[in-house]
Every structure is written in C-alpha cells, then in structure tokens.
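To keep things clear, I will list the structure first and then write my remarks on it.
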2 protein chains.
Amino acid sequence: MATPPDTAAAAIDTAAAPSAARPAPGPPSPELVAELRALARATRAAQRVVARATADQRDQLLRAVAAALDAEAGELAAANRRDLAAGEAAGLAPALLDRLRLDERRLAALARDVLVVAALPDPLAGELEPRQLPNGLALARRRVPLGVVGAVYEARPNVTIDIAVAALKTANAVVLRGGREARHTNLALVDLLGRCLAGAGLPAAAVAYVDRPEREAVLALLALDDVLDVVVPRGGESLMELCREHSRVPLLLGGVGVVHIFVDASAELDRALAVLENAKAERPAVCNAVDTVLVHAAIAPTFLPRLAARLGERGVSFRADPRALPWLAQAGPETRVEAAGAGDFDREWLALTLGVAVVDDLDAALGHIARHGSGHSEAILTEDPVHAERFLAEVDAAAVYVNASTRFTDGGQFGMGVEVAVSTQRLHARGPVGPAELTSVKWVARGDYTVRSG
Amino acid sequence: MATPPDTAAAAIDTAAAPSAARPAPGPPSPELVAELRALARATRAAQRVVARATADQRDQLLRAVAAALDAEAGELAAANRRDLAAGEAAGLAPALLDRLRLDERRLAALARDVLVVAALPDPLAGELEPRQLPNGLALARRRVPLGVVGAVYEARPNVTIDIAVAALKTANAVVLRGGREARHTNLALVDLLGRCLAGAGLPAAAVAYVDRPEREAVLALLALDDVLDVVVPRGGESLMELCREHSRVPLLLGGVGVVHIFVDASAELDRALAVLENAKAERPAVCNAVDTVLVHAAIAPTFLPRLAARLGERGVSFRADPRALPWLAQAGPETRVEAAGAGDFDREWLALTLGVAVVDDLDAALGHIARHGSGHSEAILTEDPVHAERFLAEVDAAAVYVNASTRFTDGGQFGMGVEVAVSTQRLHARGPVGPAELTSVKWVARGDYTVRSG
C-alpha cells in the first residue's frame, strides 16, 4: 500500500485486532457453505469472462475505478462516516477507528495507487524461459491468473480496493469478506467496483462480497477448495491460526514481523541514527518497524548513548540486554530503559518500544537473528562490503536490507502499486504480494506430431 | 522421472493405491508428534549446513550418489528383493509389485537421472529482476531453498532418490515417509544418501526417514508447520484427501489427470493416429495418458474407423458418445466399443480404455475440456495456427500441447532430471515439480542509509 496516510497496510492489521479475543466459531451450517459456494461459483464464471479481456481493457477498468473513487469520494466518505459513528457508539479504540477511516484525502491517495497499478506492465504478457528440448518440444511457460482469490480481512476498508484492484490487474476475480465494522464502506466500494466492471462490459460478479458478519462465514469460505484457488487472511494471529487449522484452500499467510537492524562497527553512526529513527519512530505500529537493534560491541560505548538520546526524544523506551543497559542509561535520567525480560527479544512491539542488544561481531548478530527473527525484514548498516554480502546471503527473511530502513517492506514501496498482503511463508509468494503474485503458470508446448519414446 | 522402465512416476501412484481402502487414521499421539518434531528439527539444523555448501559441492554430492547407486546396485537390489518377497507373500497385486521393483537395470537408469540433475544449472545462482526504485533502493530477488520438504509416498522406492536428489540440488533437506512395502529398499537408499552426505562433509541428517508404518505418522507430519516448509503427498486420492483435510503445513498436491486430445479438422490424420497411439497405449496406467479423444465432426467418418482399428490392435476398448459410436463400430466386429455411460467423460481411465466424442468445432472442444478436464494435460492436433494459439490461450491446464502427445508432462521430459510430483494446484508450482520448484525467493535491497518518507 502506497497510500501515504495509510501505509503499512497488512502491517497494522497484525496489531491486536477486534476479533483477537473471540472464541473459535463452530462449524458452518451446510446452508451457509452452500450459499457461499453458489456465490463463489458465480465469481468463478465471471473470472473466465475477465480472463478473456485484453490487458488494455483491464487497465482501462482500473482507470475507471480510480476515476470513480475520485468522483464519488463524497458519497463514499459519507458511508464511511456511518461506520465510524457506529464504531464510536460501540466504543471502538481510537487506533481501530483510525484504521476504519476512509476520508476524502485517503480516497484520493487510494485512487492514485489504483492508477499506479493500471500503469504497471501486464504480468500475463509473453512467454517465460522458452526452450527447445531434445525430445522435440518447444517448451515455455506463460503466466495465468490464479483464478478466484478469497480474502478475509478486518476493519480497514481500503483493503477492499487494494485486493480487488491487484486481482483484476491479473485477470482474477475475488470473493471478499471484510470486517463488520466497515460494512457500509465496503458495500459502497463493492458497488462502485461492480458498476465499473459493468461499464467495461465485464460481469459485476467478478467482485463478490460476503455480507455475513458471523465468523462461521470465514470457516465456510475455507471449505470451498473446489471453487477458491487461494485465501488471503489479513488480520490478527487468531484469524491466521483459524485459517491454518481449518483451511482446505491453499493460503497466502502474512505473519508476525520481529524485525532487526544490526549496526556494524563500520557503520556511519550519524546516518545509522537517522535510519533507526525512521525504522522505529515514524510508524511504530506496523510490521516492518524495527523491534530489536543489535549493536557491535566496538561502537556500543559511543553509539548507544546517542541512540538513547535521539530515539528517547521521539518517545521511545528501551528494553536492553545487560551489556547495552549501562550505555543506554548513560544518556541521562530521562531515558526510559529497563532490563529486557524473558521473551522480550521475541516480541513484535508494534509500539514505541525497542529492544537493544550488544553483539561481538557479525556472526553473533546473525545468530541472534536466526534465533529470534520471524523471517520478515532484517537490515545491516555497514561500510564493510564483505559483511554486507554475508548478511544478504545468510539471513533468511522475506526482505533483507543493506544500509536501508526496514520500513520499505511494502508493496507500494516495492513498486507494486497496491499490496494484497505481506507473505512470510515460503511457498508461492514471499514478502509483499502484488498483482504479479496473484498469478500461476501454464506450460505450453509445441511439437510436430511429436511422440514420447520410452 | 526420466528412468525409462519406470517413467510417469507420480502418475502411477494415482492408480488405486494399497492404502486407498483404509479407514482414516485417528489423531496422532503427542509422543509421536514430539518424536517426529525432534527428527524434523534435526533435519532443519542440517539444512542450514547444506545451504552453506557451494553449488559445486552439492553437484559433487549428487555425482557421488549416482556413483554409489551404481557401485552398490547389488546390495540395493538384494534389499529390494526382500521387499518383493514380502510383498508376494502378502499377495500384493502384480502392478503394485512392479512399482515396488528396483532391480539393477532400474538402478542404473536412476543413477543416470541423478547425473542429469547434477549437470543442471544451479537454480539458486544470481539475482532476478534487479531494478533501481525511485525511493533509492536497488532491489532484486534471489532464489533460496524452501527449507525442509516433507514427502509422503507409497510403494515406489525410487521416489526416495528422486525427491532427495531434487531437494539437495537446491539446498533443501527432506523428511521422507515411504510406504511400508518398500521399507528395506528405502532404508538402504537413505543409508546410501547419508553416507554420501557424510562423505561430502555434510550432515547425514539432511535426509531423514520416518520409519513408522502406522498411518498416524502421516498426520503427525502434517501437524509440524513449525518445522516443515511444505509436504508433498504422492499417492492415491485417499492420501490426498487426508492431507487436504488435516494439513497445517502448505501442500504441493498432485491430482487426477482427465486428459484430452482434440483432433481438429485440419489435422494430418496418419500422424494424429501415431500421437494417439503413443498417448493411450504406451503406458495406459499413467496420469498423462489420454482419457478422451475429441474428434472434429468433419473428419469423424474417415478418422474414427481408422482410430478403432489402430488402437483396437493395441487392445484399447472405447466408450463413445452417440455420434462417435457408429463410426467406431464400423471398423469391424472385433472393435470393443460401447456407449459412454454417465460420468465416463469425467474418468481418468489408467487403463486401455478411451473415451471418444465428436464435436462440431474448436469451441465445442474447448467447452468439453472446460467441463470435464482436471487441469492436467490437454492437446490439440491441428494444422490451423489460429486454432493452435486459441487452444494454448484458452485451455486452463498445467500443460497444454499443440501437435504433441500428452505423455510429455513429466519432469524428466521437461528437462528437470527427476520429478518430485506433478502439481495440479495453482499455487507455487504447476505441472512437473523439479529442483527449481523447491525454491522460494528472498528480496534483497541495497541503499545508502536510505529511509522511507511517508
């Protein structure tokens, strides 16, 4: 998500979500499963029509969506205010209300993101790795749509546009199930998408919405492996676990980001401070914000007091290992620093809290990251090219950075326009999931009445 | 699998498997889960060591495996004869005993396949799609190993080598669980792999074997989403369903192949007959064998009697739709043809039986394939380039052919050396799964203390 006021998309959802404390739902009724299967089958039929459209037609559709988001911003914002009012009346937390908000400024940013997607090259074009085999076949691969993408998300209504637009760019259709808090906004956005599809001569059913507040509806979707090609859950850990436990449909799962930045002995310390400030303090509640800073022992005495002062001014408090603690405390009594407790180095803080540990060398930093990292985003700040390359090669994570903030792990920042999720799984897609990641492949082979011998 | 006497690998497993009739197992005991988790953790630790080896070291390991398969062929064949004797005593069907057999000739072919894999370029080399982003980052992707691959398979012991070798090529480790029928052969092969790993200075634990005959062991593996990155089930439909229903680990699933060849009006009929004979009669029990022939109405009167005669000689019997029936019957009284019954056009025959239907045009053929195909392998025989391109574009299957036998859908034939499975799912890998498909990606980004604005 590149929308400026609303970045870090999937990220924020991993903070405590409204559903986190709910008990697991019971099995869905056969009627509910049948209802959603019928909906998904209609979506599947619509997908086949979308797949026959040209890339130009699909991009034109996306430009129409962007134009409609601008033209109807007033009505959309009004629908959103209904959700906000209901949320306030229900006592939703301010952070949740902020996620729910889709005002005219955010709508304008969303429309700009959609135009970025429309302008991206067509991931379905051309053939990949063409080759002539000794058996006589001319073999190649083509990218094809995944098909029907199911999405289960929570309070953020812009996700409706993000996922639908990424999917339509690559000729997929979607079955969306957003959070009840955003119901009016989501229905208005889905209505807009349907009208744009119809205006482009495509079936509105290519964007389906499951207007079912009960959590059993999620389980019903997860049973539809005959009609859904993938389900993308975006939400808290309880939603992820529900999906892992019950899904018959393949999943594209995001996960926790326990994110490290290692400040090597050779790093330029002034610039390292700026990177850490960016990675921790700009948007602390997102999954790509740094959680633990590892500092080389050789620079700890000079760097840690400066870190405490610089980030302390931004309201950051510290959880330090025994070696880092005295240097941080040295910054002065106003530094909020305490000894790291058990598990503190395994936590995704999603807040203005930062773990700090001193390590003896690159190997110790790599060891700490291997033990405590969650495979999301990891960075090294160094002037040593050998250390930089070793870090890139040896750290096992979706995104690995040299001399950059971890905050870049985001579909918008990676040039995808919008983001469907940030995958921390290893199958199919890893890291930001954009339109190109919603594709599969098809092998195409041409022969001359070629037969196989043996 | 390119081993000549044993091709079509995963394929054959989809025939009625020994476990097909077994009841679903109960939940695995916590002790069993803990035992397999400990095994898989050791494999995971071993994988990290394998990942630090160079591509040359891994290829040298594979060449050592090939040499050992040759050098120890006598002992391996002897271990296999123990399994065969036990199988005969237990009354296994001849087809199953054939799958179980790993004699010196098949071992020699297996060794050759391993050498093909050793000679393939390293899929982990280099960086993909490097680009400079406006935000200041130099971004690229690298291929990385999936990690630890679990595999559950049945009677065919060569699968032990196929999967281990494909995995080690791309620096993965494996947890294997083969069928009880092949226990002695599998243990001998795993011992060989372990000695080759040790000889290469790598941990033998990178190839682990679950020597547990009870089916609960499969469920225990499927629970290990904290240590296994993927599970590949190879077997009958009951095994696939067990995995879909219970797995917390992402799956790479094969599936049924209901395979079509459409003989267009413009096809060269002599050569079309040769392709059909190859696709049906050479190895009828495999998933890439043709199940239904669709014949353009314009050529049905001339082509169908010849088809009946040519394939009839090979022992093929026919299930025909009402339009095809009279033309097939015309070939003579010795033609075994009957009217197709309900569901006959949805069947994977795995036998010398062939469905035949007459269609009016390309659209009718595409419609039939969309309704009845399973997305495995589909072919058109035509001299019309427009029809050829439409077929390639519009048929939704893992492999789509123009003027070729469908029998090529196979890792060996596609140049992968060995084959882990033939995936009919859309996520991650579709079609033959070779060493390159056992990789994930990692984003690498280089900046100059680059921070994100907004």
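Remember, it's a predicted structure, so these values are computed and weren't measured experimentally. Just so you know, these numbers use all the heavy atoms, side chains as well, and skip hydrogens, waters and symmetry mates.
With contacts defined as side-chain heavy-atom distances shorter than 4.5 Å, the pair A:Arg426/B:Val230 does not qualify. Here the side chains of B:Arg142 and A:Val400 are not in contact, with every heavy-atom distance at 4.5 Å or above. Residues B:Arg244 and A:Asp225 form a side-chain contact, since some pair of their non-hydrogen atoms from C-beta on lies under 4.5 Å apart.
A distance of 8.0 Å separates CG of B:Leu133 from CZ of A:Phe414, quoted to the nearest 0.5 Å. The CG atom of B:Asp229 lies 10.5 Å from the CD atom of A:Gln425; values are rounded to the nearest 0.5 Å.
Only the backbone of B:Leu251 comes within contact range of chain A, judged by heavy atoms closer than 4.5 Å. In this structure, the portions of A:Ala393 lying under 4.5 Å from any heavy atom of chain B include both its backbone and its side chain. Both the backbone and the side chain of B:Leu146 come within contact range of chain A, with heavy atoms under 4.5 Å apart. At a 4.5 Å heavy-atom cutoff, A:Ser377 makes no contact with chain B through either its backbone or its side chain. For A:Arg52, no part lies under 4.5 angstrom from a heavy atom of chain B. Contact of B:Val249 with chain A is not made at all, since no heavy-atom distance falls under 4.5 Å. With a threshold of 4.5 angstrom between heavy atoms, A:Ala267 approaches chain B through its backbone and through its side chain. Only the backbone of B:Thr382 comes within contact range of chain A, with heavy atoms under 4.5 Å apart. Proximity to chain A involves both the backbone and the side chain of B:Leu427, based on heavy atoms less than 4.5 angstrom apart.
Side-chain atoms of A:Asn135 come within 3.5 Å of backbone N or O of B:Gln413 as a donor-acceptor pair. Checking side-chain atoms of A:Trp443 against main-chain N and O of B:Arg430 turns up a donor-acceptor pair under 3.5 Å.
Closest approach of B:Tyr401 to A:Leu137, counting heavy atoms only: CE2-CD1, 4.1 Å. Nearest approach of B:Val451 to A:Val275, heavy atoms of both residues: CG1-CA, 3.7 Å. The heavy-atom pair separating B:Tyr449 from A:Glu383 by the smallest distance is OH-OE2, 2.7 Å. In terms of heavy-atom proximity, A:Phe408 sits nearest to B:Thr450 at CE1-O, 3.5 Å.
Electrostatic pairing of B:Arg48 and A:Asp396 does not count as a salt bridge here, judged by no charged N lying under 4.0 Å from a carboxylate O. The existence of a salt bridge linking A:Glu394 and B:Lys442 is excluded, since no basic side-chain nitrogen approaches an acidic carboxylate oxygen closer than 4.0 Å. A salt bridge links B:Arg248 to A:Glu245: one of the charged nitrogens lies within less than 4.0 Å of a carboxylate oxygen. At a threshold of 4.0 Å, the pair B:Glu277-A:Arg452 does not count as salt-bridged, since none of the basic side-chain nitrogens sits closer than that to a carboxylate oxygen.
Heavy-atom pairs under 4.5 Å with chain B peak, among A:Ser453, A:Ser405, A:Pro432, A:Cys243, at A:Ser405.
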